[in-house]
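Since we're looking at a predicted model, the values are computed, not measured.
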Amino acid sequence: MSESKTIEKIPLDGISEKGMTIKENTYKKNGKTYSNWIVQGWRENGKWQRRQFKEEAAAKLFKNDTERRFMSAGANQRLLSTSLDEMQLRHAEAAVAQLGSTYTLRDAVRFFLENHRAPDFTIPLLDGINKYLGELESTLRANSIRSRRSVLMQLEEFTGGVAVHEVTTEQIKAFLNGLRAKDGTKAKRKTWNNYRNDVNHFFSWACEEDLNTNRPWSFTNPCAKIPIFTAKQVAEQRAKPSTTSAARVKRSMSSLMNWREGSLMKFFALAYFAGIRPDGELQKLATREKELINLKTRTIHIPADISKTKEERNIDISENLMQWLKLCKDKPIVPTNFDRLCKRARRSMKLDRDETRHSFISYHVALNRSVGDAALQAGNSESIIKKHYLRLHTREEGEAFFSIVPDAERKRAVFSDQKPQKQGALKVI
């Protein structure tokens with residue numbers, strides 16, 4: 001049993017046993033005598049009070065009002081046995097007053113301990129992130145894990161290495177508000193949403209019960225109340241897809257034919273003239289090229305385990321792409337030192353992210369006048385094609401783009417004299 005204190009009179013705020021008194025105080029200033037009246041003998045917030053008045057009538061009025069106030073509250077003051085000291089008792093009284101009749105003090109304490117106390121097991125944010133990413137290895141692709149690691153490590157650095165349960169909503173808001181684009185401007189709403197979602201997923205996971213990792217590491221998700229921007233708000237900041245003019249594609253392909261023995265020629269031919277996503281799909285396709293690229297049926301098969309959307313699709317090999325693939329039949333899609341070489345090439349070609357894919361889709365729509373076929377070839381929905389790729393280029397520009405072919409003798413890309421044929425629906429194999 002806990003040690004109890006002796007029964008004592010609770011030192012409630014109120015009037016002293018001798019009652020409130022008024023005392024005249026005289027003093028001299030600049031050779032003159034002055035008087036004021038001091039009222040004393042009552043206590044508030046655990047401290048004895050006194051108040052000074054210039055006139056005796058004002059002092060008497062204040063004394064009478066104060067005595068009546070404490071007399072009306074006297075019914076609630078009584079002798080009790082308590083183990084609380086005076087400060088603890090004052091805090092309890094204030095808490096009960098704030099809770100009113102809706103909740104009891106015990107209800108409030110129980111809720112606080114269930115939702116805000118430090119967990120029995122604490123873990124540094126860095127260690128928690130590493131455990132979280134480790135569990136994702138069986139469910140997410142390597143690129144997705146790298147992306148989440150980047151976001152969470154930035155948050156860990158921003159918060160200064162605190163424990164998981166110590167991260168606050170205010171810290172996460174400050175982190176998101178501090179995001180910047182490469183040009184130093186404030187990050188766009190889509191970036192805010194992406195970062196916010198990655199952080200939210202981690203803390204949701206950290207709040208789950210799991211004996212193997214001693215979770216939950218926190219009882220509340222500090223990201224839960226942080227808003228996300230709506231699709232309409234994100235769309236307001238979305239720029240039109242970047243596309244490359246046919247003339248510039250021709251110049252770039254000519255340069256690639258003569259740089260590093262044409263090591264990246266095949267990669268960019270597939271990126272431009274088949275619209276395969278270069279960051280993920282195309283590099284995975286490279287490991288199964290013989291299986292998935294069929295020159296006889298003029299089809300490139302993108303299976304579900306390669307497709308970003310997890311849905312398989314077939315891409316028709318256009319006549320100009322066929323010529324590029326035949327010229328590069330002995331070259332790999334992804335050569336040695338690919339990452340370094342590709343970065344240099346993209347920098348030299350001044351390519352925006354997904355510009356090769358955006359070019360393929362917009363020129364495909366311009367040439368074939370078929371939103372449905374473009375959607376099937378690119379692995380997008382028709383609504384996305386209509387919203388972002390219609391009327392970006394003319395039919396003549398589409399014809400020029402799909403007529404870019406290699407001239408092996410002169411080692412340069414040229415526009416074919418033969419107009420590209422309109423591509424129909426996907427072939428059934």
Crowding at [atom1], [X] (>12 non-hydrogen neighbours, <6.0 Å):
{"X": "E55", "atom1": "CD", "value": "no"}
{"X": "Y103", "atom1": "OH", "value": "no"}
{"X": "R412", "atom1": "CZ", "value": "no"}
{"X": "E135", "atom1": "CD", "value": "yes"}
{"X": "R106", "atom1": "CZ", "value": "no"}
{"X": "H201", "atom1": "NE2", "value": "no"}
{"X": "R141", "atom1": "CZ", "value": "yes"}
{"X": "R50", "atom1": "CZ", "value": "no"}

TODO: Kindly determine whether K173 and E170 satisfy salt bridge (Lys or Arg N to Asp or Glu O under 4.0 Å), including the steps that lead there.
DONE: CA-CA 5 Å; K173 282 184 178 178; E170 289 70 25; 5.9 Å; no
Given 3.5 Å as the limit, does a donor-acceptor pair link the side chain of [X] with the main chain of [Y], or not?
{"X": "D316", "Y": "S318", "value": "no"}
{"X": "W48", "Y": "E44", "value": "no"}
{"X": "N368", "Y": "S370", "value": "no"}
{"X": "R277", "Y": "L282", "value": "no"}
{"X": "Q49", "Y": "G41", "value": "no"}
{"X": "N380", "Y": "L376", "value": "no"}
{"X": "R148", "Y": "F202", "value": "no"}
{"X": "Q323", "Y": "N320", "value": "no"}
{"X": "N197", "Y": "N193", "value": "yes"}
{"X": "S403", "Y": "E399", "value": "yes"}

Which pair of heavy atoms, one from [X] and one from [Y], lies closest together, and at what distance?
{"X": "F268", "Y": "T356", "value": "CD2-CG2, 4.4 Å"}
{"X": "I333", "Y": "F267", "value": "O-CB, 3.4 Å"}
{"X": "L84", "Y": "Q88", "value": "CA-OE1, 3.4 Å"}
{"X": "H393", "Y": "S362", "value": "CD2-OG, 3.5 Å"}
{"X": "C207", "Y": "P216", "value": "O-CB, 3.4 Å"}
{"X": "L341", "Y": "W259", "value": "O-CH2, 3.7 Å"}

Task: Counterpart residues, side-chain hydrogen bond (donor to acceptor under 3.5 Å, both in side chains), relative to T230 (two or more places apart) - done: Q233
Task: Pairs involving residues 258-271, ordered by first then second residue, that meet salt bridge (charged side-chain N to carboxylate O under 4.0 Å, His left out) (sequence neighbours left out) - done: K266-E289
- [ ] Hey, could you give me each pair passing salt bridge (charged side-chain N to carboxylate O under 4.0 Å, His left out) that has a residue in residues 205-214? Not counting sequence neighbours.
- [x]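 Those involving residues 205-214 are E208-R215, D210-R215.
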Open item on the list: Show, in sequence, the C-alpha distance, side-chain angles and deciding distance for F273 and F401, and conclude whether the ring-ring contact (aromatic ring centres under 6.0 Å, His included) test is met.
Closed with: CA-CA 8 Å; F273 304 124; F401 178 82; 5.1 Å; yes
Roughly how far, to the nearest 0.5 Å, is the [atom2] atom of [Y] from the [atom1] atom of [X]?
{"X": "L270", "Y": "E281", "atom1": "CG", "atom2": "CD", "value": "12.0 Å"}
{"X": "I123", "Y": "L126", "atom1": "CD1", "atom2": "CG", "value": "9.0 Å"}
{"X": "E157", "Y": "L152", "atom1": "CD", "atom2": "CG", "value": "13.0 Å"}
{"X": "I315", "Y": "L292", "atom1": "CD1", "atom2": "CG", "value": "10.5 Å"}
{"X": "S255", "Y": "K250", "atom1": "OG", "atom2": "NZ", "value": "10.0 Å"}
{"X": "L367", "Y": "E396", "atom1": "CG", "atom2": "CD", "value": "10.0 Å"}

Task: Criterion side chain to side chain contact (heavy atoms under 4.5 Å, CB included) on V164 and T122, from CA distance to verdict - done: CA-CA 7 Å; V164 171; T122 62; over 6 Å; no
Side-chain heavy-atom pair [X], [Y] within 4.5 angstrom cut-off:
{"X": "T104", "Y": "L99", "value": "no"}
{"X": "L327", "Y": "M257", "value": "yes"}
{"X": "Y195", "Y": "Q154", "value": "yes"}
{"X": "P222", "Y": "Q171", "value": "no"}
{"X": "W192", "Y": "K186", "value": "no"}
{"X": "H364", "Y": "Q377", "value": "yes"}
{"X": "I300", "Y": "N314", "value": "no"}
{"X": "L264", "Y": "P335", "value": "yes"}

Task: salt bridge (Lys or Arg N to Asp or Glu O under 4.0 Å) evaluation trace for R248 with E355 - done: CA-CA 12 Å; R248 190 154 70 88; E355 184 171 332; 3.0 Å; yes
Open item on the list: Could you walk me through whether D352 and R346 satisfy the salt bridge (Lys or Arg N to Asp or Glu O under 4.0 Å) test, starting with their C-alpha distance in whole Å, then the side-chain angles of each, then the deciding distance to 0.1 Å, before giving a yes or no?
Closed with: CA-CA 8 Å; D352 288 341; R346 292 181 66 88; over 6 Å; no
Open item on the list: Could you walk me through whether Q52 and W37 satisfy the side chain to side chain contact (heavy atoms under 4.5 Å, CB included) test, starting with their C-alpha distance in whole Å, then the side-chain angles of each, then the deciding distance to 0.1 Å, before giving a yes or no?
Closed with: CA-CA 6 Å; Q52 180 177 293; W37 283 261; over 6 Å; no
Open item on the list: Quick test of your reading of the model: are D305 and K310 salt-bridged, counting only N-O distances below 4.0 Å?
Closed with: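 No, this pair does not count.
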Task: Step-by-step ring-ring contact (aromatic ring centres under 6.0 Å, His included) determination, Y132 to W205 - done: CA-CA 8 Å; Y132 164 72; W205 177 85; 5.3 Å; yes
Open item on the list: Please evaluate residues R357 and D354 with respect to the criterion salt bridge (Lys or Arg N to Asp or Glu O under 4.0 Å), reporting the C-alpha separation (whole Å), side-chain torsions for both, the decisive distance (0.1 Å), and the verdict.
Closed with: CA-CA 5 Å; R357 176 173 167 80; D354 289 332; 6.0 Å; no
Open item on the list: Please determine whether side chain to side chain contact (heavy atoms under 4.5 Å, CB included) holds for the pair F402 and F360, giving the CA-CA distance in whole Å, both sets of side-chain angles, and the decisive distance to 0.1 Å.
Closed with: CA-CA 9 Å; F402 284 104; F360 168 80; 3.9 Å; yes
- [ ] Verify ring-ring contact (aromatic ring centres under 6.0 Å, His included) between F219 and H165, making sure each step is shown before the conclusion.
- [x] CA-CA 8 Å; F219 292 100; H165 73 278; 8.9 Å; no
Open item on the list: Ring of F62, cation from R51 - is the NZ or CZ under 6.0 Å from the centre and inside 45° of the axis?
Closed with: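 Output yes; distance and angle both within limits.
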